[in-house]
*Asks:* 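Below are the structure tokens for one structure; questions will follow.
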Amino acid sequence: MYSIKEVQIKSGLPASTLRYYEKEGILPDVGRDEGGRRVYTEKQIDWIRFLMAMKDTGMTIEEIKAYLELNVKGEATIQERRDFLVAHKKKVEAHVAQTQHNLEKIIQKIAFYDHVVMGKSLS
């Protein structure tokens, strides 16, 4: 079992975010110790890491809730969960492709400026 402080260190998330995720229902079943302080299991820490990956790739709280609802329903929803993640993966891949395209434009502009700077310094 881990304290909220330990989870902050392991995840890099502030306690306020962990409490918010719990309040929103996307960090379920957080236990309490005898003093009423939150305690987290290794399984919950794994979920937090997955949750962070989903958030970092643009999944909304509502989408995470929908995924979690499927997860709670158990094995009967494995195909649905897979399809859900495949659809999200496609969105992420499209975003990465667009970001790569934009990066190439930036690189081209830097090369233009490098050429201009080099051209002027040689004259």
*Asks:* Can you check whether Thr41's main-chain N or O pairs, donor with acceptor, with Gln44's side chain at less than 3.5 Å?
*Replies:* yes
*Asks:* If we ignore hydrogens and angles and just use 3.5 Å, is the side chain of Thr77 paired with the main-chain N or O of Glu80 as donor and acceptor?
*Replies:* no
*Asks:* Measuring from atom CG of Leu27 to atom OG1 of Thr17, what distance do you get when rounded to the nearest 0.5 angstrom?
*Replies:* 11.0 Å
*Asks:* Using the ring of Phe112 (Phe, Tyr or Trp, six-membered ring only), decide whether Lys109 places NZ or CZ under 6.0 Å from its centre and within 45 degrees of its axis.
*Replies:* yes
*Asks:* Just how far is it from atom OG1 of Thr60 to atom NE2 of His88, taken to the nearest 0.5 Å?
*Replies:* 9.5 Å
*Asks:* Got more than 12 heavy atoms from elsewhere within 6.0 Å of CZ, Arg82?
*Replies:* no
*Asks:* Using the rule that two of Ile, Leu, Val, Met, Phe, Trp, Tyr join whenever any of their side-chain heavy atoms come within less than 4.5 Å, decide whether Ile4 and Val39 are in one cluster.
*Replies:* no
*Asks:* Taking a hydrophobic cluster as the set of Ile, Leu, Val, Met, Phe, Trp and Tyr residues connected by side-chain heavy atoms closer than 4.5 Å, whether directly or through intermediates, do Leu51 and Tyr20 fall within one such cluster?
*Replies:* yes
*Asks:* Could you state the interatomic distance from CD1 (Ile64) to OH (Tyr21), rounded to the nearest 0.5 Å?
*Replies:* 6.5 Å
*Asks:* If you group Ile, Leu, Val, Met, Phe, Trp and Tyr by side-chain heavy-atom gaps below 4.5 Å, do Met59 and Val96 land in one group?
*Replies:* no
*Asks:* Arg81 side chain to Gly74 main-chain N or O, any donor-acceptor pair under 3.5 Å?
*Replies:* yes
*Asks:* Quick one: do Arg32 and Arg37 satisfy side-chain contact (heavy atoms from CB on, under 4.5 Å)? Show the steps, please.
*Replies:* CA-CA 5 Å; Arg32 304 286 176 149; Arg37 292 176 296 268; over 6 Å; no
*Asks:* In terms of hydrophobic clusters joined by side-chain contacts under 4.5 Å, are Leu85 and Trp47 together?
*Replies:* yes
*Asks:* With rounding to the nearest 0.5 Å, note down the distance linking NZ in Lys73 to CG in Leu68.
*Replies:* 11.5 Å
*Asks:* Between Thr57 and Ala53, what is the shortest heavy-atom contact and its length?
*Replies:* OG1-O, 2.9 Å
*Asks:* Measuring from atom CG of Asn102 to atom NE2 of His95, what distance do you get when rounded to the nearest 0.5 angstrom?
*Replies:* 9.0 Å
*Asks:* I'd like to know whether NZ of Lys65 has more than 12 heavy-atom contacts from other residues, nucleotides or ligands below 6.0 angstrom.
*Replies:* yes
*Asks:* Please report the interatomic distance CD1(Ile107) to CG(Asp114), rounded to the nearest 0.5 Å.
*Replies:* 11.5 Å
*Asks:* Does atom CD of Glu42 have more than 12 heavy-atom neighbours from other groups under 6.0 Å away?
*Replies:* yes
*Asks:* Between Asp46 and Lys43, does any side-chain N to carboxylate O distance fall below 4.0 Å?
*Replies:* no
*Asks:* Glu6 side chain to Ser3 main-chain N or O, any donor-acceptor pair under 3.5 Å?
*Replies:* yes
*Asks:* Out of Gln8, Lys55, Met52, which one pairs with Leu13 under the side-chain contact (heavy atoms from CB on, under 4.5 Å) rule?
*Replies:* Met52
*Asks:* State plainly whether the residues Glu93 and Lys89 are in salt-bridge range, i.e. N to O under 4.0 Å.
*Replies:* yes
*Asks:* Same hydrophobic cluster for Met54 and Val92, using side-chain heavy-atom links shorter than 4.5 Å among ILVMFWY?
*Replies:* no
*Asks:* In terms of ring plane angle, is the pair Tyr67 and Phe50 parallel, tilted or perpendicular, where the classes change at 30° and 60°?
*Replies:* tilted
